[in-house]
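Have a look at the structure below, then the notes.
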Amino acid sequence: MALTAPPGGRSIFSPATVRERAENFENYWVYLRHRDGELLEAERALANKQPVLARFQEHPVRSRRPLAAPERFYRNYVTMRDDPRTLDRTTLLLTFLYKFARHEWVGISAAWDATPTLADSEHLTDKISRYHLAEEFGHMRLFHEMFETFRLDRVEWVPLPNWVKQVYSVFTRMPPALMSSAAFVTELMGFTVYLHLDKILDETLADEPEARERVRGLLHEIAVDELGHVGLRRNYMGPVGRRVAKRMVRPMFHAFFHSMPEASLLFDIRRMVKDAEGFDYATIPPEMLRGAWVPSYFWRRP
Ligand SMILES: [Fe+2]
Ligand SMILES: [Fe+2]
């Protein structure tokens, strides 16, 4: 059955009924199993995602030239030690990608240990969470490919300092309404980053057309999943959660990007905040919408 977006689209903050939300958890679960295939607990991976990664690895693309000064990447990728304004744009982009991905990695590693395995999951939402996390681990592998594309094969996933981990653990102890809003804004922030990354790739990697398209392809694989996560996280929120989430966008974006000195040099953060607050499925590029999951209440039958 053909579905089209309603004219003018619909904001991600639009209301949905309790019943619609319940149905959408079921829909998402059907979608996940179909799209991702079997969940492989030991590998923290998904059967249908493995061939996608293998395809990238079997047809490697490497930048034409190594980075001007790879040691500057390695000196600044975990913590920015130099003045970021002195880094070339490619290195700046890569150190940003690492810091961004590292936050994800820390969050999902902690969450993986705290969520029941698929076999032990009682609730549908627990099963969804397990798949969701397995998708995120898959994203880490795709990020790794981006670094390999730029001949950076010594990248390690370094744990975050303890104080940051403590901040993360506050999240898990928040009241459920607040927690679902914060989790939603995190996903919305991630997806907004992918949209803005896509816009700066042409200019930032102008001298490396093949590597640029490879990075774009890898980011695209991630972004389609993340668009689904935005919809899923929206689905957790009732009217109060939605209002809280909208107010959280600005402070959460600013706090997060403040911790990464690259961000304000690469992106227009205020634009990102505006885009996130005004997130509307009708404005998402069709190639990203294709294959992504969108809650049914954002679509209308013609
Ligand atoms: Fe993610
Ligand atoms: Fe996500």
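When a ligand or atom number is given, it counts from 1 through the structure's own listing order.
E277 and K246 are not joined by a salt bridge, as no carboxylate oxygen comes within less than 4.0 angstrom of a charged side-chain nitrogen.
Nearest to the Fe ion (ligand 1), among the N, O or S atoms that E136 has, is OE1. E104 has its closest N, O or S atom to the Fe ion (ligand 1) at the position named OE2. Counting just the N/O/S atoms of H229, the one with the shortest distance to the Fe ion (ligand 2) is named ND1. Between the Fe ion (ligand 2) and the N, O or S atoms of E187, the shortest distance is to OE1. The atom of E226 nearest to the Fe ion (ligand 1) is OE2, with the search restricted to N, O or S atoms.
Remark: aromatic rings of Y98 and Y74 are distant, center separation not under 6.0 Å. Between W105 and F143, the ring center distance fails the sub-6.0 Å criterion.
For D88, the salt bridge (Lys or Arg N to Asp or Glu O under 4.0 Å) test picks out no residue, with sequence neighbours left out.
Among pairs with a residue in residues 21-31, those fulfilling salt bridge (charged side-chain N to carboxylate O under 4.0 Å, His left out) read R19-E23, at least two apart in sequence or across chains.
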